[in-house]
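Take a look at the structure set out below.
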Amino acid sequence: MCSLGFARSLGFALIPLATCCIVANILLFFPDGKMNYIQDGNVTKYVWYFMGIGGGGLAMLVPTCVFLGMEKCVDSCGTDSCAMCGSVFAALVGLAGSAYCFLISALALLEGPYCFTFLGWYLFAREKWSECIQPAHIVEWNVTLLSILLGLSTLEFLICFLQLVSGLVNAVCRPCCYKQEYSLNA
């Protein structure tokens, strides 16, 4: 039963992380808090990959729901091992989603913000960030939000990896190691 409680606590931990990933990705659509940049198509292409909404957010619903509902699964299928196998597959979905969020956020951070300069709208690398005129503080905006996405997706990855290991150990070892029944009668 300890592994079920552990999985449930991991499921609860994923909820705020996934919510923050969604919010951070949505904020990337509105540099300087204005809508005109998205309407004019002046946001970086990586925002449209929905790394925080899809990878770090919605993909995390699968492991979250499975981890939180494992006790019901045990009641219906009868064994911890069956529930742990389901949690392993859910953890793999979570690992894929968090890895996607991390990779796209890292690529967006490396490529730099889409900003207006004296030469027009350009996507700049780090060495030319000082040339950005508009949107105001776009470099700080992108670096902060993308760094948040990197950190959150790393935490999500670690949580799903922990459950993957826990689920594998419990699904594989528990049936082998706990075949004997112990009695407290002396």
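Just so it is clear, the model here is predicted, and its values are computed rather than measured. All residue numbers refer to positions in the sequence shown, counting from 1.
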Tell me, do [X] and [Y] make a side-chain contact under 4.5 Å, heavy atoms counted?
{"X": "Asn142", "Y": "Leu28", "result": "yes"}
{"X": "Ile104", "Y": "Tyr46", "result": "yes"}
{"X": "Cys21", "Y": "Met60", "result": "no"}
{"X": "Thr44", "Y": "Pro113", "result": "no"}
{"X": "Gln163", "Y": "Phe67", "result": "yes"}
{"X": "Ile15", "Y": "Leu68", "result": "yes"}
{"X": "Phe89", "Y": "Val93", "result": "no"}

List, one per line, each side-chain donor-acceptor pair under 3.5 Å for residues 146-159, sequence neighbours excluded.
{"from": "Ser147", "atom 1": "OG", "to": "Val143", "atom 2": "O", "distance (Å)": "2.7"}
{"from": "Ser153", "atom 1": "OG", "to": "Leu149", "atom 2": "O", "distance (Å)": "2.8"}
{"from": "Ser153", "atom 1": "OG", "to": "Leu150", "atom 2": "O", "distance (Å)": "3.0"}
{"from": "Thr154", "atom 1": "OG1", "to": "Leu150", "atom 2": "O", "distance (Å)": "2.7"}
{"from": "Glu156", "atom 1": "OE2", "to": "Ala18", "atom 2": "N", "distance (Å)": "3.4"}

Looking at [X] and [Y], what are the two nearest heavy atoms and their distance?
{"X": "Ile22", "Y": "Gly57", "value": "CG1-CA, 3.7 Å"}
{"X": "Gly97", "Y": "Ala59", "value": "CA-CB, 4.0 Å"}
{"X": "Cys101", "Y": "Gly56", "value": "CB-N, 3.7 Å"}
{"X": "Pro63", "Y": "Ala90", "value": "CB-O, 3.6 Å"}

At what distance, to the nearest 0.5 angstrom, does [atom1] of [X] lie from [atom2] of [Y]?
{"X": "Leu109", "Y": "Thr144", "atom1": "CG", "atom2": "OG1", "result": "10.0 Å"}
{"X": "Phe6", "Y": "Met70", "atom1": "CZ", "atom2": "CE", "result": "10.5 Å"}
{"X": "Cys160", "Y": "Leu14", "atom1": "SG", "atom2": "CG", "result": "5.0 Å"}

Between [X] (side chain only) and [Y] (backbone N and O only), is there a donor and an acceptor less than 3.5 Å apart?
{"X": "Asn170", "Y": "Ser166", "value": "yes"}
{"X": "Trp141", "Y": "Leu27", "value": "yes"}
{"X": "Ser105", "Y": "Phe102", "value": "no"}

What pairs of donor and acceptor atoms, side-chain ones from residues 132-139 against any protein atom, are under 3.5 angstrom apart with sequence neighbours left out?
{"from": "Gln134", "atom 1": "NE2", "to": "Tyr37", "atom 2": "OH", "distance (Å)": "3.4"}

_Suppose we screen for ring-ring contact (aromatic ring centres under 6.0 Å, His included). Which residues come up paired with Phe29, at least two apart in sequence or across chains?_
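Trp48, Phe50.
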*asked:* Hydrophobic clustering (ILVMFWY, side-chain heavy atoms < 4.5 Å, transitive) - are Tyr114 and Leu145 grouped together?
replied: yes
*Mind checking whether Tyr49 and Ile53 sit in one hydrophobic cluster, side chains of I, L, V, M, F, W, Y counted as touching below 4.5 Å?*
yes
